[in-house]
Engineer: 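I have a structure I would like to understand better, so I am pasting it below and will then ask my questions one at a time.
The sequence lines fix the lettering, A, B, ..., with proteins before strands; numbering per chain opens at 1. Worth saying up front: this structure is predicted, and the values here are computed from it rather than measured.
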Protein chains: 2
Amino acid sequence: MRLVTTAEQVSEPISSWDPYTRGCPSRDLLDQIGSKWAVLVLGELGRHGPCRFTQLRRQLAGVSEKMLTQTLRTLERDGLLRRTVYPEVPIRVEYELTPLGQTLRGPLKALTEWSVQHIEDVLEAREEYDERAGRR
Amino acid sequence: MRLVTTAEQVSEPISSWDPYTRGCPSRDLLDQIGSKWAVLVLGELGRHGPCRFTQLRRQLAGVSEKMLTQTLRTLERDGLLRRTVYPEVPIRVEYELTPLGQTLRGPLKALTEWSVQHIEDVLEAREEYDERAGRR
DNA sequence: CCGTATCCCGAGGGATACTG
DNA sequence: CAGTATCCCTCGGGATACGG
């Protein structure tokens, strides 16, 4: 909890964490958790439970190793998932949601389902738009 | 509704709109509606109602004209918002959510609120992570 | 198996200037 | 007011190769 230090120390948290403010950390966070690979990684860990690297790589068809690693690191750093190394031979690494990460499941699930449920409406809208633009 | 045309026409919709599939349109859509400026534009139109260009530009502190225009065009093309021109002098243009866009309010509101409510946890997690990385 | 390290290209996106 | 048009540069992100 970030506090404002005043004489009396009866300060309030600076809760102007408004993403509509320029440079606010919550804006960047919003961007990060809404990014393509982060959404899919968190979604997969949410439904499936703990996953290994290669497993995730397969599930998120099309992701490069670089982007997967990068995404996992960022999410780990943000405290949304935990990385556990089992020093076996060959080595085994598992990723799983932290309690904080769990709280994101709902919102992300809603967003993902929306995109599946309404993709056809959107594709239709695009065709209409392009057609109208073509006539002009 | 997109249907598969078979002899009997008792076909099912192709609902393999799975964002976990490589190249699936729903994946790109998910990426688009989760992007920073799109979330904020839709959020603002959701709370505030119809807005003018300059109004949005002020609310989304820090957005460039280029990105705002680009975001608005994409969202319009996708059928999420409607653009109305009032040929007054000076000209007036208003943006507002379509019914389809309205259905996104809930999911996006949840996501935005999450990032505000948990930004402090995340900042804390980052400090911890960086500190630990520093010692190694 | 689970990554890291490079190289490299093209898109993302900011700043600025101009137009109906 | 509400954009469009350019310039320009950063960096996202893919491909590839190598290391623990």
Engineer: State which residues pass side chain to side chain contact (heavy atoms under 4.5 Å, CB included) with Val85(A); sequence neighbours excluded, sorted by chain then number.
Structural biologist: Arg83(A), Ile91(A), Val93(A)
Engineer: Taking five pairs at each end of the helix from dC1(C)-dG20(D) to dG20(C)-dC1(D), what angle separates the two helix axes (nearest 10°)?
Structural biologist: 50°
Engineer: Could you work out, with side chain to side chain contact (heavy atoms under 4.5 Å, CB included) as the rule, every residue matching Arg126(A), not counting sequence neighbours?
Structural biologist: Val122(A), Leu123(A), Leu29(B), Arg77(B), Asp78(B)
Engineer: Rounded to whole Å, please give me the gap between CG in Leu68(A) and P in dG13(D).
Structural biologist: 13 Å
Engineer: So which pairs with a foot in residues 18-64 of chain A pass ring-ring contact (aromatic ring centres under 6.0 Å, His included), sequence neighbours left out?
Structural biologist: none
Engineer: Please collect all salt bridge (Lys or Arg N to Asp or Glu O under 4.0 Å) contacts where either partner lies in residues 38-49 of chain A, sequence neighbours excluded, each pair once.
Structural biologist: Glu44(A)-Arg47(A)
Engineer: Ignoring the backbone of Phe53(A), work out which of dA2(D), dC1(C), dG3(C) is nearest its side chain.
Structural biologist: dG3(C)
Engineer: Give Tyr95(A) one of three labels, base, sugar-phosphate or nothing, depending on what nucleic acid heavy atoms sit under 4.0 Å from its own.
Structural biologist: sugar-phosphate
Engineer: Please determine whether a side-chain nitrogen or oxygen atom of Thr69(B) lies at a distance below 4.0 Å from atom OP1 or OP2 of dG3(D).
Structural biologist: no
Engineer: Looking only at side-chain atoms of Arg83(A), point me to the closest of dC1(C), dC1(D), dG3(C).
Structural biologist: dG3(C)
Engineer: Please collect all salt bridge (Lys or Arg N to Asp or Glu O under 4.0 Å) contacts where either partner lies in residues 86-98 of chain A, sequence neighbours excluded, each pair once.
Structural biologist: Arg82(A)-Glu96(A), Glu88(A)-Arg92(A), Arg92(A)-Glu94(A)
Engineer: Side-chain N or O of Arg52(A) versus OP1/OP2 of dC1(C): is the shortest distance under 4.0 Å?
Structural biologist: no
Engineer: Taking ring-ring contact (aromatic ring centres under 6.0 Å, His included) as the cut-off, I'd like each qualifying pair that reaches into residues 71-115 of chain A, sequence neighbours left out, listed once.
Structural biologist: Trp114(A)-His118(A)
Engineer: At a heavy-atom distance below 4.0 Å, what parts of residues 39-47 of chain A sit against DNA chain D?
Structural biologist: none
Engineer: Using atom types as modelled, flag every donor-acceptor pair under 3.5 Å from a side chain in residues 58-72 of chain B to any protein atom, sequence neighbours excluded.
Structural biologist:
residue	atom	partner	partner atom	Å
Ser64(B)	OG	Met67(B)	N	3.2
Thr69(B)	OG1	Glu65(B)	O	2.9
Thr71(B)	OG1	Met67(B)	O	2.7

Engineer: Going by side chain to side chain contact (heavy atoms under 4.5 Å, CB included), name the residues that satisfy it together with Gln102(B), two or more places apart in sequence or in a different chain.
Structural biologist: Leu97(B), Arg105(B)
Engineer: Got a sec, which pairs hit salt bridge (Lys or Arg N to Asp or Glu O under 4.0 Å) with one end in residues 27-36 of chain B, sequence neighbours left out?
Structural biologist: none
Engineer: Once you round to the nearest 0.5 Å, how far does CD1 of Ile33(A) lie from CG of Leu111(B)?
Structural biologist: 4.0 Å
Engineer: For every nucleotide of nucleotides 5-20 of chain C, 5' to 3': is a protein heavy atom under 4.0 Å from its base (B), only from its sugar-phosphate (S), or from neither (-)?
Structural biologist: --B-----BB--B---
Engineer: Atom CD of Glu76(B) and atom C1' of dA2(D): how far apart are they, to the nearest Å?
Structural biologist: 14 Å
Engineer: How about CD on Glu113(B), more than 12 heavy atoms from neighbouring residues, nucleotides or ligands closer than 6.0 Å, or not?
Structural biologist: yes
Engineer: Take the protein atom CG of Leu72(A) and the nucleotide atom C1' of dG13(D), then report the distance between them rounded to whole Å.
Structural biologist: 15 Å
